[in-house]
Every structure is written in structure tokens, then in C-alpha cells.
Novice: 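Structure provided below as C-alpha cells; questions to follow.
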There are 2 protein chains.
Amino acid sequence: MTLYKGDCLNELKKIDDDSIDLVYLDPPFFTQKTHKLKTRDNGREYEFTDTWNSLDDYLLFMKERLLECQRVLKKTGSIFLHCDKSASHHLRVILDQVFGLCNFQNEIIWSYKRWSNSKTSLQNAHQNIYFYSKTNNFKFNTIYTDYSPTTNIDQILQERERDKNGKAIYKKDELGNIITCKDKKGVPLSDVWEIPFLNPKANERTGYPTQKPILLLEQIIKIATDDGDTVLDPFCGSGTTLVAAKILNRKYTGIDISEEAIALTEHRLENPMKTKSDLLRKGKADYLNKNEYETAILKNLDAFPVQRNSGIDGFLKTNYLGKPVAVKIQKENEELNLAINKLLGASRKRGCKLSLLIKTSRDLSFIDFNKHSDLIIIDSYDLIIKNHMETHKFLSRTPF
Amino acid sequence: MTLYKGDCLNELKKIDDDSIDLVYLDPPFFTQKTHKLKTRDNGREYEFTDTWNSLDDYLLFMKERLLECQRVLKKTGSIFLHCDKSASHHLRVILDQVFGLCNFQNEIIWSYKRWSNSKTSLQNAHQNIYFYSKTNNFKFNTIYTDYSPTTNIDQILQERERDKNGKAIYKKDELGNIITCKDKKGVPLSDVWEIPFLNPKANERTGYPTQKPILLLEQIIKIATDDGDTVLDPFCGSGTTLVAAKILNRKYTGIDISEEAIALTEHRLENPMKTKSDLLRKGKADYLNKNEYETAILKNLDAFPVQRNSGIDGFLKTNYLGKPVAVKIQKENEELNLAINKLLGASRKRGCKLSLLIKTSRDLSFIDFNKHSDLIIIDSYDLIIKNHMETHKFLSRTPF
DNA sequence: TCCAGAGATGAATCCACCC
DNA sequence: GGGGTGGATTCATCTCTGG
């Protein structure tokens, strides 16, 4: 519950040996840039500089401070160092020196999707977090996650043993019945964390650059500490770590060299605001309103799926006469004429010069094609097959 | 198309300077363990050792070999070094030395889901691939992926401009209509790749430890090379890189110190087999080559694919008159009549009472349907669209 | 040759509007 | 009014252009 304003090298010296359960730090990444950001109401601009004379300067700066972090940690404590590709390899070499190779626990990958841009290499969509403990007897709470939807839950619930060749097989009783095992809590958390990046529109945003999502910090704090333990962030910035610690009922200490950052952190702690990420709450699957059948058709057409429009299911990847080509798949029990009207209505709003309707059901409505030169109706493969089979069955039942 | 047996340090010396477009290497990771694995029939055990006297020994070993890799690369070439957390930081320091910091392009995270029981730390679910180019003028093919389901695609298709306050707004014409923009190809691939770990039961599995999925290698090869370029793998192991190169029509060279690995690679190259786990079949992969186009059609028909039959590509999951229904997709440059004959020949041998041919190209051959009451010919979706677009273009060019 | 400024971009939230 | 729909908004890069 303490905030220190100052260089953490000096401020850390005020903290006792063996007194902290978790250090999380999000230092400058060695990007060689100045990071600036305005609050969304343009009321105020925050910035910090991350430019250095040399890599060695930066590494020396980091090593001095990591040594202090090591000192203040309890024997059961651990440290999570957040960085990115700019200097992650050098930082890990230093961590090996300060904490010892044997205390390296994990390289955590925080992966996210983000607004993108063109680039002649791959889009960056992850940052690295190095997890070291102070000793080999460290506090670790396993977090369980849900089974992935592709896992066969029945299989997980079966007990296993090894056959004479040492291969794992499912255990069976004398009668050959499967033996199910005790209750399972889910899958232990892995070292790749897919957590949404703080969206530019999120209310959680403070206007401080490089702000991290509270959800990320909550996960780290849950892993390494229990209720009432102490969390330290020597580069606290906008104070996300401390807000997460407060929400989770941990004690917290923050240090930052910038007066503005300290003021912002104090303000946030009075008024912790956490974005309820719909994406995370509902899961990605909830946004996918296409079933497997529709997805397969769109894939086959080389079309993008559209998830948020009732008249259009997708767009072809190639334009026609300079305009996108809308695709709609007739829904089960949807009348053909209704489907056409919906599609054409939505297409016209988008200025499409061609639309495709995939017809999936027999429907003998009269369609005036002269009215719709900008529409192609295609019978789905399975409709053609179904029609053929039924015609044929009918014929073979009829005596000639 | 060459395989060398021997230490790659020596074998690389036989390769000319500036002659290779892509080096992928998956060297020992410095795990300090011996890796063993049996083939699925328990018939044979492959192993290799990854134990070293010291880290420095290992790093010297790697540096000597990376220098040779650098030498053989073309000016437009690049290298992908696959490793894991054991020594990734040290390897990247060496890569910085050999290729130069300015030629670092990406840290690719290959993430996968795995069974786990880890109690004292997070389950490892990723490996690292470092992507360096030889110069700053390197070959790079952007791969496009689908938009996120949370993205509103009809919005993405609108052009934008800035208003007098510098705010981005959607562009409209004089009548207030939306202006849509040029073709969109999708979202450029990011540096986090979720590709399923080779399932222990996958057909693709050879029994060689540390075998990588072909899909991973295909992606790397597509990014860094074009048709006919040369791919080199100095630690080729079971030969996955070379198999992927062969499937994608690239030239390839492999080196391995183990006679068994070379023999296995030769065998796999004669018989390139590619399996997709269910996860990928559900549509996370990009559909680019012919093979994948066919997979999409079969999936669309709810048919399962068959391998190695020139007359039949798959069978419907539902029978017709008690007999299976054979499916064939007309190949590129395959004449329609020839395709029909192949399909009917193979179908009759299996006693099918109905066969489907998916027609993918314009072909005006005369077909006597009275002769073939057991055959349905279906125009592929893209053929219908192509026909329509071309007819229309023709019409609009013709003066009335 | 290098720097500044403008333009393009898409994820995911916010929020106005509509029944 | 409140739940759902879909348009509006914002940011962090990267590329391109002009001086």
C-alpha cells in the first residue's frame, strides 16, 4: 500500500531483504523510442522515453535493478519480467546470472490480436514474460482452464496405464469396461496466454502508453501469491499491477520515477476500473455465428466470413467491377424470396455489383431474373445431390 | 534434391556460396537428454543424443555451423532457426553476431496444446523460431489469414478519410453513399502460429523424435521462397522440411549425421504423406494449393477423402441404394471425358450406383447423359462464378 | 541520404438507435 | 426500457512521399 516516487534503484534500497512475495516489472523494452499517448478526451498527454546510448548501458541499468529485486524477494518469492523481442535474449542472460539458471521456471508468451498494418515481415502479436523463482522452494498455485472444445472429454475421464512396451493405454476392468478416474479440475494453465490487448476504445485505458490489461496481471498474481501477500512493481507506470493486487486483496508497493505516473496510479487505486472484455467472457466461439456447413461453403468459394450482418454471410476475396461481391447462404426454413430480398438489400447498401445466393432447399417460387441481373443463384452441391436422389427414388418406386 | 550423410559442418562446405534461398534448421536444443522414440508398430527405435560437456561447447558447435549457413545463403535468402527455451536466448545472441541485429526479422512462436499434468510450473506449450535475413533486401511473401470474428467486415470494406479535425471518418460520395475500397486480401499472418502438435497417432508420424508437423514447415517455406527455389535443412532428421519442400515444388537439400535418419528421409520422400489433424480440417489453415481446394470441396460435400486412387477422390458419408457414392474432382488440365471415364471405371469396380463429378473447368465436350444415368456432373461454385463474370465482361465490351 | 508528415489499417470496444 | 444490431471510434505501427 505504498507508492514511492523516484528511481527504483534508490527506492528499492528502502525495502527490507526477504520481504516481497512477487515482483512484476515492465521496464523500458529498449525500443529506442519515446512513447507518447493522449487521454481519450485529449485532455492530457503522458510520455516516457526508452532511448539509450548503447545496449550495454541499458543492460547495466537493468542488472543493477534486478539485483535489488532479487534481494528484497522472500525465499519463496518469484519474479516476472515483462519484455519484448527488442532485448528479451539479453535480459534472460542477465536473469540467469542474477537468479541462477536453475531458478528459471517459464517463458510466458502473452499473445494477442491487434489492429494491424502492412509490413515486410510478420506482424508482432506477442510479448515475453520471464518467470524466475528466488529458490527452488517457491510458491506456485496451479490455475486450471477449461478443456479445449476439440478435446474428447470422455477420454480424459478414463484412467490410463502402461502396457508391456511402456505405451500408455486406457485401463479396463476384467470385463473390458472402461474405468473412469477421479474428478478432474480442467487443464493446467500453459505458458502461452491469449489475452486481448487493451482495446483503443476500452474504458480501462488511462492514456498512459504501454498500459497492460488488468487481466494479465491478475493471472500472474494468482499464480505466485496468496491472499495478503505482497506484490512489488518497480516500474509501475499507470499502476495496473497495483490495481490488480488491490482487486485480489494483496498488499502492494509501487515505484515510478515519473510524478505523473504516481499521481495517475493513486487516482486509479481510488477508483479501480476494469474492462469487462466481452471477447474473454463469452469466448471467441460466441462470435462465430456460422455453422460448419456454412463455413465450408464460404471456404470453398474463397470468401471471407462476415459475422455481424444478417443479409450477408461473406464476401469473395476478389472484387467484381471494382466492388465487393456479397455471398449469402439460404438458411434452413428461410424462404428463397426472403433470402433474396435480404441479400439484395444489404448488397445495395454496400454498392455491390454482384451478389451470390447459395440455394440450399427446394423452393419453387417464381423468380424474375430480369429484375435481378446482379444476382447469381447457385444450387448447393448437396441440394443437387438430394434432388437427384429423390427424383430417382420416386422413379424407381413408380411402376412403368 | 540431394541428401548428404555426415556432420553438416563438413557437408555444408560442399555447397556453393550464395546458392540457397532458405535455410531451416532444427538443431539439438541443449536439453541435455537423449531422445528416443519407437515407431507406432514398435518395430524400430530412433534416437539421438543432445548432451554436451558445457553450454560453451554447444554454442561453439552452433556458431561454426551457422556461419556456414550464412555463407551459402543468397543475398535475398533467409534463415529460420527452431529452438526452445533451453538455449533460445544464447542462440539469438549468436544469430545477432552472425547475421547482424539489423537482419533480425521475427521471433515466431509456435504454440500447440498438449496433455499435461505439470504441478510446479506452467506447462510448456510453445517453441521459438528465429527468422533472420541475410540482407535487408530479402524475399518475403505475405500470407493472409481470415479477419477476427469480432471485426465488422462491411466496415472494413469502406474507404476512410480525415475530417478537418483530423479524425478518421468514412468516405461518402456526393449522394451520401458509402465508398467501398479495393480488394482486401485478409489479415497478414502474425508471429504467433497455433499449429497442433503432431498427434501421437497421426499417420504422418514416422517414429523419429522431435518430428515437426508438415504444416509448420509449409508455412515457413511459403513465406521465404517461391516455386523452384532451394531449401536447405542441415539437421534434417526425419526429413519433414524436405517433404514439405517437395509438396510445394521447391528444390531441397538435406544433411544429417545419422544413417538411419537419411534412410528414413529417403523413404518419406518417395512417399510424401500429409495428414491434417481435425483441428486444422475445421478451417484454421489457409487454403492455397490445389490439394487444399479439393479438401474444401470434399468437406463441403460431407465426403471423406481417399488417398491414392486416380479415379476417386472421396466417398459421400451417406450411401445411396446401399452402395457408396464416389466423388471425383476434375483436375486442372484434365479433360472432362477422361475424368468421367476414370471415375466411372473406378466406381463400377466398387459397385457404386451413383457417382459425382465436380466439374472445375469450361469444357464443351459432348456428353451422352443417356449412357450415364449413374453419374451426376456438378459445376463447382467457382466455375459458375467465373462463367458469369466472363460472360458479363464480354457483353459489356460488345456495343449493342 | 534522411527525416517529417500523411496515409492506411483492423481489433474490439463504445454507444446511438430501433423496436 | 432493455436487449440486440450495427455504425463510430481509437491507437500503434508500418509504408510512402516530398523536400
Side-chain angles (χ1 to χ4, degrees), chain A residues 29 31-43 45-47 50 84-86 111-125 127 194-215 273-284 286-289 304 306-312 315 342 345-346 349-350, chain B residues 105-106 136 140 142 144-172 176-192:
Chain A
F29 288 177
T31 53
Q32 300 289 41
K33 282 179 196 154
T34 295
H35 296 258
K36 285 184 198 170
L37 192 64
K38 284 186 177 166
T39 51
R40 272 178 303 134
D41 58 6
N42 280 323
E45 188 173 62
Y46 291 99
E47 75 169 71
D50 179 19
D84 82 351
K85 62 190 166 59
S86 310
S111 89
Y112 45 80
K113 291 208 151 194
R114 206 176 46 166
W115 54 92
S116 69
N117 49 37
S118 55
K119 198 173 184 280
T120 49
S121 66
L122 303 163
Q123 296 274 358
N124 301 320
Q127 293 179 3
E194 207 182 318
I195 295 177
F197 196 86
L198 207 54
N199 190 272
K201 287 287 290 179
N203 284 331
E204 189 180 318
R205 265 190 189 260
T206 59
Y208 197 88
T210 75
Q211 188 186 340
K212 306 291 176 295
I214 291 182
L215 285 161
M273 160 114 70
K274 185 173 148 190
T275 301
K276 34 183 191 317
S277 161
D278 273 0
L279 175 58
L280 211 65
R281 185 166 54 84
K282 298 193 229 160
K284 227 183 285 176
D286 199 74
Y287 283 85
L288 299 168
N289 57 22
F304 295 117
V306 170
Q307 307 289 358
R308 299 183 28 159
N309 188 307
S310 61
I312 297 175
F315 286 106
K342 269 191 177 173
K349 243 204 299 194
R350 305 280 153 216
Chain B
Q105 301 300 339
N106 282 113
N136 66 2
F140 183 84
T142 306
Y144 293 94
T145 59
D146 280 348
Y147 290 92
S148 157
T150 58
T151 300
N152 193 343
I153 300 199
D154 18 340
Q155 280 194 286
I156 294 292
L157 292 172
Q158 299 172 36
E159 282 202 16
R160 283 179 286 181
E161 60 187 350
R162 288 185 188 278
D163 71 4
K164 51 187 186 300
N165 297 319
K167 286 204 172 193
I169 52 166
Y170 293 112
K171 212 189 249 182
K172 303 210 164 151
N177 295 318
I178 286 158
I179 300 176
T180 54
C181 44
K182 323 278 156 323
D183 286 26
K184 293 264 180 179
K185 292 181 193 139
V187 186
L189 186 67
S190 87
D191 60 4
V192 179

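Below, chains carry the letters A, B, ... as their sequence lines are ordered, and counting in each starts from 1.
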Novice: Would you mind telling me which of C:dT13, D:dA12, C:dG10 lies closest to the side-chain atoms of A:Ala202?
Specialist: C:dT13

Novice: I need the B:Leu189 CG to A:Ser121 OG distance, nearest 0.5 Å.
Specialist: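 Rounded to the nearest 0.5 Å, the CG-OG separation comes to 11.0 Å.
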
Novice: How long is the line joining CD of A:Gln123 and C1' of C:dG10, in whole Å?
Specialist: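 To the nearest whole Å, that distance equals 10 Å.
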
Novice: Mind checking whether A:Thr120 and B:Thr142 have side chains closer than 4.5 Å, heavy atoms only?
Specialist: no

Novice: Output, in order, the C-alpha distance, side-chain angles, deciding distance and verdict of side-chain contact (heavy atoms from CB on, under 4.5 Å) for B:Asp146 and A:Phe304.
Specialist: CA-CA 7 Å; B:Asp146 280 348; A:Phe304 295 117; 4.1 Å; yes

Novice: Rounded to whole angstroms, how far apart are OH on A:Tyr208 and P on D:dT10?
Specialist: 23 Å

Novice: Atom NZ of A:Lys85 to atom P of D:dT13: distance rounded to whole Å?
Specialist: 9 Å

Novice: Figure out the CZ/C1' separation between A:Phe197 and D:dA12, and round it to whole Å.
Specialist: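 Answer to the nearest Å: 8 Å.
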
Novice: Can you identify which nucleotide, out of C:dC14, D:dA12, D:dC14, has its nearest atom closest to the A:Arg205 side chain?
Specialist: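 That would be D:dA12.
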
Novice: Let's see if you can work this out: which of D:dA12, D:dA8, C:dA11 has an atom nearest to the side-chain heavy atoms of A:Arg114?
Specialist: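 Nearest to the side-chain atoms of A:Arg114, counting from C-beta on, is D:dA12.
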
Novice: Respond yes when some side-chain nitrogen or oxygen of A:Asn203 is under 4.0 Å from OP1 or OP2 of C:dC14, and no when none is.
Specialist: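 For C:dC14, OP1 or OP2 has a side-chain N or O of A:Asn203 closer than 4.0 Å.
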
Novice: In this structure, how many angstroms lie between the C1' atom of C:dG10 and the NZ atom of A:Lys119, rounded?
Specialist: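 The distance from NZ of A:Lys119 to C1' of C:dG10 comes to 16 Å, rounded to the nearest Å.
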
Novice: Would you mind reading off the distance between B:Leu189 atom CG and D:dC14 atom C1', rounded to a whole angstrom?
Specialist: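 In whole Å, D:dC14 C1' lies 17 Å from B:Leu189 CG.
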
Novice: So which atom in B:Tyr144 and which in B:Gly186 form the shortest heavy-atom distance, rounded to 0.1 Å?
Specialist: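 B:Tyr144 and B:Gly186 have their closest heavy atoms at CD2-O, 3.4 Å.
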
Novice: Rounded to the nearest angstrom, tell me the gap between atom CZ in B:Phe140 and atom C1' in D:dC14.
Specialist: 13 Å

Novice: Can you tell me which nucleotide in D:dC14, C:dA12, C:dG10 comes closest to the side chain of A:Lys113?
Specialist: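 Out of D:dC14, C:dA12, C:dG10, the nucleotide with an atom closest to A:Lys113's side chain is C:dA12.
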
Novice: In the structure I gave you, are the side-chain heavy atoms of B:Phe140 and B:Gln105 within less than 4.5 Å of one another anywhere?
Specialist: no

Novice: Identify, with sequence neighbours excluded, every residue that meets side chain to side chain contact (heavy atoms under 4.5 Å, CB included) alongside A:Asn199.
Specialist: A:Lys201, A:Ala202

Novice: Atom CD of A:Glu204 and atom P of C:dA11: how far apart are they, to the nearest Å?
Specialist: 20 Å

Novice: Name the closest nucleotide to the A:Pro200 side chain, picking from D:dT10, D:dC14, C:dA12.
Specialist: D:dT10

Novice: For DNA chain C, report each stem as range with range, ordered by first number, or say none. Use Watson-Crick or G-U wobble pairs under 3.5 Å, at least 3 in a row.
Specialist: C:2-19 with D:2-19

Novice: Between C:dG10 and B:Thr151, is there an OP1 or OP2 to side-chain N/O distance shorter than 4.0 Å?
Specialist: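 Answer is no, no contact under 4.0 Å.
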
Novice: How far does CG of A:Leu198 sit from CZ of A:Arg205, to the nearest 0.5 angstrom?
Specialist: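 Spacing of CG (A:Leu198) from CZ (A:Arg205) equals 5.0 Å.
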
Novice: Give a yes or no answer on whether the side chain of A:Gln211 reaches the backbone of A:Thr206 with a donor-acceptor pair at less than 3.5 Å.
Specialist: yes

Novice: Quick one: does any side-chain atom of B:Asp191 pair with a main-chain N or O of B:Asn106 as donor and acceptor, under 3.5 Å?
Specialist: no

Novice: Of the candidate nucleotides C:dA12, D:dT15, C:dG10, which contains the atom at the shortest distance from the side chain of A:Thr120?
Specialist: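 Among the listed nucleotides, the one closest to the side chain of A:Thr120 is D:dT15.
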
Novice: Please produce a list of atom pairs where a protein N or O lies less than 3.5 Å from an N or O of nucleotides 2-8 of chain C.
Specialist:
none

Novice: Could you state the interatomic distance from NZ (A:Lys113) to CD (A:Gln123), rounded to the nearest 0.5 Å?
Specialist: 10.5 Å

Novice: Touch check for B:Tyr147, heavy atoms < 4.0 angstrom, all strands: base, sugar-phosphate only, or nothing?
Specialist: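 B:Tyr147: backbone/sugar contact only, no base atoms under 4.0 Å.
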
